[in-house]
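Inspection log for the structure reproduced underneath, given as structure tokens.
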Amino acid sequence: MDFRDFNKPPDLSESHTHQQRHEEKSQQLISGGGRSIWWEISNWLILGGILFVIFLVFKYVF
């Protein structure tokens, strides 16, 4: 088992990989990770449209 001393700063390699992972994550967020912000917006618009149709059905049918 590897007991680490958490009082001392992490090794250079650890902080480097953490920094690299952070940069990759932010880059993925910027590029959308294959899905852009428009994917999120369209999902919410579709959901809103479905709820709106249900509202109209309840308002005018019942």
Side-chain angles (χ1 to χ4, degrees):
M1 289 177 76
D2 185 22
F3 291 104
R4 293 168 192 247
D5 184 9
F6 288 106
N7 293 328
K8 69 177 184 181
D11 295 337
L12 185 65
S13 60
E14 286 183 24
S15 59
H16 176 69
T17 53
H18 178 75
Q19 183 70 23
Q20 201 173 9
R21 205 176 311 129
H22 185 72
E23 288 174 6
E24 287 172 4
K25 186 86 171 168
S26 62
Q27 190 66 35
Q28 195 176 19
L29 283 174
I30 292 169
S31 66
R35 292 179 180 168
S36 63
I37 189 74
W38 300 111
W39 173 264
E40 289 285 325
I41 292 173
S42 66
N43 279 348
W44 284 107
L45 285 175
I46 290 168
L47 184 65
I50 291 170
L51 291 175
F52 185 68
V53 167
I54 291 172
F55 168 75
L56 288 179
V57 165
F58 272 97
K59 184 172 174 145
Y60 291 111
V61 174
F62 297 112

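Positions are given from 1, in the same order as the sequence printed here.
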Transitively linked via ILVMFWY side-chain contacts under 4.5 Å: V53 with W44? no

Same apolar cluster: F55 and Y60, side chain cutoff 4.5 Å: yes

Going by side chain to side chain contact (heavy atoms under 4.5 Å, CB included), W39 matches just one of N43, I37, I41. Which one? N43

